[in-house]
Novice: 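Below: one structure in structure tokens.
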Amino acid sequence: TRLAATVNAKPADGSLDGTLSATNAIAGNVASGRTPVRALSTRFAWRAESIALDDFSAELEGGATATGNARIGLGERAAGGRWTLDVRDLDARQLYAPLVTTRLAGSIVADLDARRRTLTGNLVDRRFPGGLAVEFAAGFDDRMIELERFRARSGGAELAGRGRLGRDGQRTFALDA
């Protein structure tokens with residue numbers, strides 16, 4: 001990662017409000033140890049207890065875009081945060097090389113608190129005959145990753161289920177599909 005960033009900010013009603021834009025000169029695939037974000041921009045409001053990001057926009061490897069907003073808690077008693085993103089033209093292979101080439105579009109929501117993080121998504125690639133769709137809801141904490149639900153569809157085929165993976169030394173798991 002090689003970032004070049006511009007921040008413009010001014011005090012406003014107990015916060016610091018402004019804009020941020022950044023570019024990454026050496027964006028790349030996660031499998032190669034790089035960050036797949038080429039550029040991003042956002043408006044922000046930074047208060048003592050949180051940062052709000054509005055009009056967030058990112059350009060990812062392979063021409064994908066992500067837009068949305070975020071609320072990020074700050075401090076010891078932070079309530080966590082929430083990211084809401086809409087993605088377009090997301091190529092899974094550009095993010096992580098072992099995956100297949102896609103052009104996914106849809107939404108991803110991340111809820112982050114001090115104890116548990118959850119991630120939900122609904123992504124579709126209509127280029128495949130009959131379409132390709134992935135829906136999921138997952139949560140994790142220090143002890144367990146829980147795939148609360150997943151459903152993958154392609155053409156007339158479908159796979160759905162749920163699962164758990166321990167994060168302790170034994171890595172116990174369960175999968176119901």
Side-chain angles (χ1 to χ4, degrees), residues 1 3-9 15 17-31 34-47 50-74 78-113 116-140 145-155 158-162:
T1 303
L3 289 179
T6 301
V7 177
N8 294 301
S15 71
D17 292 358
T19 60
L20 164 72
S21 62
T23 58
N24 179 3
I26 54 172
N29 190 286
V30 172
R34 296 195 175 178
T35 303
V37 178
R38 289 191 166 282
L40 64 85
S41 64
T42 190
R43 287 184 309 110
F44 67 85
W46 188 341
R47 293 183 164 35
S50 67
I51 296 176
L53 303 178
D54 290 305
D55 299 329
F56 179 89
S57 178
E59 178 187 327
L60 307 175
E61 279 292 280
T65 60
T67 58
N69 60 63
R71 301 294 178 264
I72 304 163
L74 300 174
R82 180 178 180 95
W83 289 79
T84 303
L85 297 174
D86 289 319
V87 296
R88 298 284 174 262
D89 296 324
L90 182 64
D91 183 355
R93 187 175 182 88
Q94 291 290 327
L95 299 180
Y96 187 64
L99 299 175
V100 299
T101 299
T102 61
R103 283 290 176 227
L104 296 166
S107 63
I108 299 173
V109 176
D111 284 304
L112 314 169
D113 71 28
R116 182 167 170 82
R117 278 87 49 207
T118 61
L119 190 63
T120 58
N122 186 346
L123 302 169
V124 176
D125 186 336
R126 299 195 194 290
R127 295 174 316 125
F128 293 94
L132 168 71
V134 178
E135 299 172 40
F136 60 88
F140 63 96
I145 298 170
E146 183 176 4
L147 189 54
E148 297 163 4
R149 65 176 166 78
F150 70 88
R151 186 166 97 179
R153 291 174 285 136
S154 181
E158 179 175 311
L159 175 65
R162 60 187 179 167

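Predicted, not measured: the structure shown is a model, and the values here were computed from it.
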Novice: Would you list the pairs meeting side chain to side chain donor-acceptor pair (under 3.5 Å) in which at least one residue belongs to residues 82-92, sequence neighbours left out?
Specialist: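 Of all non-adjacent pairs touching residues 82-92, those that pass side chain to side chain donor-acceptor pair (under 3.5 Å) are Arg82-Asp111.
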Novice: Using the side chain to side chain donor-acceptor pair (under 3.5 Å) criterion, which residues pair with Arg93? Sequence neighbours excluded.
Specialist: none
Novice: Would you please name every residue forming a salt bridge (Lys or Arg N to Asp or Glu O under 4.0 Å) with Arg117, sequence neighbours left out?
Specialist: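 Per chain and number, Arg117 pairs via salt bridge (Lys or Arg N to Asp or Glu O under 4.0 Å) with Asp142.
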Novice: Mind jotting down which residue pairs meet the side chain to side chain donor-acceptor pair (under 3.5 Å) criterion with at least one end in residues 98-108? Sequence neighbours excluded, please.
Specialist: none
Novice: Could you tell me which residues satisfy side chain to side chain donor-acceptor pair (under 3.5 Å) with Arg34, sequence neighbours excluded, listed by chain and number?
Specialist: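 None.
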Novice: Considering only heavy atoms from C-beta outward, does the side chain of Leu112 approach that of Ile72 to under 4.5 Å?
Specialist: no
Novice: With sequence neighbours excluded, what pairs up with Arg153 under the salt bridge (Lys or Arg N to Asp or Glu O under 4.0 Å) test?
Specialist: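 For Arg153, the residues satisfying salt bridge (Lys or Arg N to Asp or Glu O under 4.0 Å) (neighbours in sequence not counted) are Glu135.
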Novice: Taking side chain to side chain donor-acceptor pair (under 3.5 Å) as the definition, give me every residue that meets it alongside Asp55, ordered by chain and number, with sequence neighbours left out.
Specialist: Arg43
Novice: Restricting to pairs with a member in residues 56-70, which pass salt bridge (charged side-chain N to carboxylate O under 4.0 Å, His left out), not counting sequence neighbours?
Specialist: Arg38-Glu61
Novice: Answer yes or no: is there a donor N or O on one side and an acceptor on the other, between the side chain of Thr118 and the main chain of Ala138, under 3.5 Å?
Specialist: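 Checked: no pair found.
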Novice: Taking salt bridge (Lys or Arg N to Asp or Glu O under 4.0 Å) as the definition, give me every residue that meets it alongside Glu148, ordered by chain and number, with sequence neighbours left out.
Specialist: Arg116
Novice: As an exercise, state the distance from CG of Leu119 to CD1 of Ile108, rounded to the nearest 0.5 Å.
Specialist: 6.5 Å
Novice: I'd like to check the side chain to side chain donor-acceptor pair (under 3.5 Å) partners of Arg149; sequence neighbours left out, ordered by chain and number.
Specialist: none
Novice: Ignoring hydrogens and angles, write down the donor-acceptor pairs under 3.5 Å from the side chains of residues 63-70, residues two or more places apart or on other chains.
Specialist:
none

Novice: Who are the ring-ring contact (aromatic ring centres under 6.0 Å, His included) partners of Phe44, not counting sequence neighbours?
Specialist: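 For Phe44, no residue satisfies ring-ring contact (aromatic ring centres under 6.0 Å, His included) once neighbours in sequence are set aside.
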